Colleague: 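Okay, here's the structure, questions in a sec.
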Amino acid sequence: MSDALSRLQEARAEGRLRPLDLHFAHWMARFAGERANDELLLAAALVSRRVGQGDVCLPLDELSDDEHRLTEIADVGVWCSRLLQTPVVGEPGAATPLILDQAKRLYLARYHDFEARVEQALAARVSAAAPGVDEDRLRAGLERLFPPRPGVDWQRVAAALAVLQSFCVISGGPGTGKTHTVTAILALLLEQTGGTGRIALAAPTGKAAARLTESIRTARTRLAMEETVRQAIPDEATTIHRLLGMRPGRAEPRFGLERRLPLDVLVIDEASMIDLPLMARVLAALPEQARLILLGDRDQLASVEAGRVLGDLCGREGGAGYSPQWRQRLHSICAQQVPEVQLPPIANHIALLRESRRFHDNSGIGALARAVNSGDPTATLAVTAEERFTDIALYTPSESEREALIDRIVVPAYRDYLRIKDPAQALAAFDRFRVLTALRSGPWGEDGLNEQIESALARNGLTRPAFGHYPGRPVLITENDNALKLFNGDIGLILPDTQAQGRLRAFFPTTEGVRRILPTRLPAHRTVYAMTVHKSQGSEFDTVLLVLPQQDSPILTRELIYTGLTRARNRLVIWGEPELLSLAVSRTVHRTSGLWEKMWGDGER
């Protein structure tokens, strides 16, 4: 047995590698045959692990401390040379399972292909001539839809950019008006075409699509526009998978390079949740002349799968700024004085919304979100200790206190929905509160908390848990079912159905009303009194209880804390050690890819 293989097996036994990572290394070695070497074994295992962690590639000259200890390779140049001597590693363009680029990034070939396709498609959109626009009509529309206000109106700037270009990214936190802005954009585009145009609204999950639908319907009733334009704005969003025609058991969707989507405008909300492969498929399916508008929050958690597309596109840090030409054009068309910067062309396609209308000056949630995003642990803890912020609280419960706190905080919060018989009202009441957690397993994770909450509700006489379904059980769908129109992330309640002699049915909210489904027909699902922060993306609740684990974990990051706390509209309670909260705020998610460098080059924001 080689020394490298021995080290990999030891790392697997310690849980530092997955069985899949070790299996992939063996498979690459077998494929390489007599030309296999220790460098290939180590690199294959590590690139597999990186993809499993959400990275797109393995940067051989930027290894983590653990990767350095595992590889014990001092000369990266020699490592690269040894890899390229094997038949399974090639340079970009080679038909090999692994690709090594000039920046010493090692990719699984399919991820290198996804990244190249995304970069090429976006670069073409960024460099393409702006579509023909009646600028006088646009000026009048901007004045009507965005009344004058002090300072830079970034919503107006975002609207102008989206109409004047075929590609635009609009990023902003909760309450910054992303949906209001994009509804105005659709009105402006329809005014340009006389009320005609093929427009689609999409989001990564069913829950996010439902929220986008509701928000667009509300916004279009409030904006000043002609009735023909109002009626032409679509009032229903779909999931990206359904839009593309993704089918179970098939690798490629119905729409792609060979069959483009019949669209003039595509709006995608919650774009931070889009992974690299999905973005590649969206861009392949979208006609070259169609507009693409991405909405999201660059500070939220990245996608569960590999890639951090929205974060890469928005740049690293700082605010918005535009080239001299675009600064002058924006001043001419929307009467706004925006900062001037010298950055790569992608910067002219990014609009950052800053002012939150949800979190006022006395909002502890808003102040905490700003402190967390600044990466300042001291400021974060200071906000949690400020007495004037009555909408936030930080508790540090011990193991023995957990049951009492669940009885005191969680049980009363869920009591209302369990006493409501009407499904629509029960669903609305259930969505007013949620327990969010960083981890999936463990006593302070999703699984453990759901068991404890279920027991507490039964102990207080509110439910009668049984094997399988019982009245009041909340369920989270974990796989898509196109036939039932249920999608990963959808949440429903098991309740007695008065229309079926009180027999149990699963009720799910839709934009057309509540749907009832036989529980036996549900796709894969689980109980959801508590859910992970990842699963909560695209959702909002009046009150959130954010539970941190007792021990530090790499998953505790600034982005996770920010995403969790901004799910709360009115009140936030955090359970956790202040030291762990400080550690999390100090730690950021770093997803390795080549997309940021390819889009931004030496420029940085």
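Values in this document were obtained by computation on a predicted structure and should not be read as measured data.
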Colleague: Does Gln328, at its CD atom, have more than 12 non-hydrogen atoms belonging to other residues, nucleotides or ligands within less than 6.0 Å?
Modeller: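 12 or below, so no.
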Colleague: Roughly how far apart are Leu190 CG and Ile199 CD1, rounded to 0.5 Å?
Modeller: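 These two atoms lie 4.0 Å from each other.
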Colleague: Between the main-chain N or O of Val338 and the side-chain N or O of Arg327, is there a donor-acceptor pair closer than 3.5 Å?
Modeller: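 It does hold such a pair.
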Colleague: Determine whether Asp235 and Arg220 satisfy the following criterion, salt bridge (charged side-chain N to carboxylate O under 4.0 Å, His left out), listing intermediate values before the conclusion.
Modeller: CA-CA 9 Å; Asp235 64 353; Arg220 71 176 187 172; 3.6 Å; yes
Colleague: Between Glu143 and Arg156, does the salt bridge (charged side-chain N to carboxylate O under 4.0 Å, His left out) criterion hold? Intermediate values first, please.
Modeller: CA-CA 9 Å; Glu143 283 291 326; Arg156 186 189 284 207; 3.0 Å; yes
Colleague: For Glu288, I'd like to know if atom CD has over 12 heavy atoms of other residues, nucleotides or ligands within 6.0 Å.
Modeller: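 No.
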Colleague: Out of Arg308, Arg105, Arg591, Arg50, which residue meets the salt bridge (charged side-chain N to carboxylate O under 4.0 Å, His left out) rule with Asp55?
Modeller: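 The option that passes is Arg50.
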Colleague: Start with the C-alpha distance between Arg230 and Glu227, add both sets of side-chain angles, then the distance that settles salt bridge (charged side-chain N to carboxylate O under 4.0 Å, His left out), and finish with yes or no.
Modeller: CA-CA 5 Å; Arg230 193 185 319 278; Glu227 191 60 28; 3.2 Å; yes
Colleague: Can you tell whether the side chains of Arg211 and Glu540 come within less than 4.0 Å, N to carboxylate O?
Modeller: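 The answer is yes: the pair qualifies as a salt bridge.
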Colleague: Tell me whether Arg144 contacts the main-chain N or O of Ala224 through its side chain, where contact means a donor paired with an acceptor under 3.5 Å.
Modeller: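 Present.
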Colleague: If you define the side chain from C-beta out and look only at heavy atoms, does anything of Tyr322 sit under 4.5 Å from Leu161?
Modeller: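 Yes; the side chains approach each other to less than 4.5 Å.
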Colleague: Report yes if the side chains of Glu270 and Leu295 come closer than 4.5 Å at any heavy-atom pair, otherwise no.
Modeller: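 No, side chains not in contact.
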Colleague: Does the side chain of Val267 reach to within under 4.5 Å of the side chain of Ile185, using non-hydrogen atoms?
Modeller: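 Counting from C-beta outward, Val267 and Ile185 never come under 4.5 Å.
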Colleague: Any salt bridge linking Arg139 with Asp136? Criterion: basic side-chain nitrogen under 4.0 Å from a carboxylate oxygen.
Modeller: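 Looking at Arg139 and Asp136, the cut-off is met.
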Colleague: Can any side-chain N or O of Ser593 pair as donor or acceptor with the backbone N or O of Gly307 at less than 3.5 Å?
Modeller: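 Side chain of Ser593 to backbone of Gly307, a donor-acceptor pair under 3.5 Å: no, none is there.
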Colleague: Would you please test Leu142 and Val163 for side-chain contact (heavy atoms from CB on, under 4.5 Å) and show each step?
Modeller: CA-CA 11 Å; Leu142 290 169; Val163 173; over 6 Å; no
Colleague: Just how far is it from atom CD1 of Ile170 to atom CD1 of Ile350, taken to the nearest 0.5 Å?
Modeller: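 That separation rounds to 10.0 Å.
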Colleague: Can you tell me which residue among Ile491, Asp542, Leu545 is in a side chain to side chain contact (heavy atoms under 4.5 Å, CB included) with Arg434?
Modeller: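 Single side chain to side chain contact (heavy atoms under 4.5 Å, CB included) partner of Arg434 among Ile491, Asp542, Leu545: Ile491.
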Colleague: Backbone N or O of Ser166 within a donor-acceptor pair of the Arg291 side chain at under 3.5 Å?
Modeller: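 Not at all, since once roles are kept as given, no pair shorter than 3.5 Å links the two residues.
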Colleague: Contact between Arg149 and Glu355 at the side-chain level, heavy atoms closer than 4.5 Å - yes or no?
Modeller: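 They are in contact (side-chain heavy atoms under 4.5 Å apart), so the answer is yes.
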Colleague: Without swapping roles, check the side chain of Lys178 against the backbone of Gly172 for a donor-acceptor pair under 3.5 Å.
Modeller: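 Yes, Lys178 side chain to Gly172 backbone: donor-acceptor pair under 3.5 Å.
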Colleague: With a 4.5 Å cut-off on side-chain heavy atoms, are Met225 and Ile233 touching?
Modeller: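 They are in contact (side-chain heavy atoms under 4.5 Å apart), so the answer is yes.
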Colleague: Taking the cut-offs as 6.0 angstrom to the six-membered ring centre and 45 degrees off its axis, would you call Arg259 and Phe255 a cation-pi pair?
Modeller: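 Pair Arg259/Phe255 counts as cation-pi.
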Colleague: Tell me if a side-chain donor or acceptor on His349 pairs with a main-chain N or O of Phe167 at a distance below 3.5 Å.
Modeller: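 Confirmed, His349 side chain pairs with Phe167 backbone.
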Colleague: With side-chain contact (heavy atoms from CB on, under 4.5 Å) as the criterion, how do Leu330 and Val157 come out once you've worked through the C-alpha distance, each side chain's angles and the decisive distance to 0.1 Å?
Modeller: CA-CA 7 Å; Leu330 288 170; Val157 171; 4.1 Å; yes
Colleague: Main chain of Asn348, side chain of Gln165: is a donor-acceptor contact present, judged purely on distance under 3.5 Å?
Modeller: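 Yes, Gln165 side chain to Asn348 backbone: donor-acceptor pair under 3.5 Å.
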Colleague: I'd like to check Glu305 versus Pro277 (side-chain heavy atoms, cut-off strictly below 4.5 Å). Are they in contact?
Modeller: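 Side-chain contact under 4.5 Å: no.
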Colleague: Should we say atom CZ of Arg388 is surrounded by more than 12 heavy atoms from elsewhere, each under 6.0 Å from it?
Modeller: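 Yes, CZ of Arg388 has more than 12 neighbouring heavy atoms, counting only those of other groups under 6.0 Å.
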Colleague: Are Thr557 and Tyr562 close enough that some pair of their side-chain heavy atoms sits under 4.5 Å apart?
Modeller: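 Not in contact.
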Colleague: Which distance, rounded to the nearest 0.5 Å, do you find between the CZ of Arg125 and the CD1 of Ile346?
Modeller: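 The CD1 atom of Ile346 is 11.5 Å from CZ of Arg125, to the nearest 0.5 Å.
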Colleague: Should Asp431 and Phe541 be marked as a side-chain contact (heavy atoms from CB on, under 4.5 Å) after you check the CA-CA gap, both sets of side-chain angles, and the distance that decides it?
Modeller: CA-CA 6 Å; Asp431 258 359; Phe541 313 98; 3.9 Å; yes
Colleague: Report the distance from atom CG of Leu294 to atom CG of Leu310, rounding to the nearest 0.5 Å.
Modeller: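 Going from the CG atom of Leu294 to the CG atom of Leu310 covers 7.0 Å.
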Colleague: Hey, does the side chain of Arg571 reach the backbone of Arg569 with a donor-acceptor pair shorter than 3.5 angstrom?
Modeller: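 Looks like no, no N/O pair under 3.5 Å.
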Colleague: Donor-acceptor pair, distance only, cut-off 3.5 Å: does the side chain of Asn570 make one with the backbone of Thr543?
Modeller: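 Between the backbone of Thr543 and the side chain of Asn570 there is no qualifying donor-acceptor contact (under 3.5 Å).
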Colleague: State the OG1-CG distance between Thr532 and Leu436, to the nearest 0.5 angstrom.
Modeller: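 Thr532 OG1 to Leu436 CG: 8.5 Å, rounded to 0.5 Å.
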Colleague: State, to 0.1 Å, how close Leu266 and Ala202 come at their nearest heavy-atom pair, and which atoms those are.
Modeller: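 Reported closest heavy-atom pair: CD1-CB, 4.4 Å.
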Colleague: Taking Asp391 for its side chain and Ile365 for its backbone only, find out whether a donor-acceptor pair lies under 3.5 Å.
Modeller: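 Yes.
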Colleague: Counting neighbours of CD on Gln289 that are heavy atoms of other residues, nucleotides or ligands and sit closer than 6.0 Å, is the number greater than 12?
Modeller: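 Yes, because the 6.0 Å sphere around CD of Gln289 holds more than 12 heavy atoms from other groups.
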Colleague: State the NE2-OG distance between His590 and Ser64, to the nearest 0.5 angstrom.
Modeller: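 It comes to 11.0 Å.
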Colleague: Does any non-hydrogen side-chain atom of Thr563 lie less than 4.5 Å from one of Gln537?
Modeller: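 A side-chain contact exists here, since the closest heavy-atom pair is under 4.5 Å.
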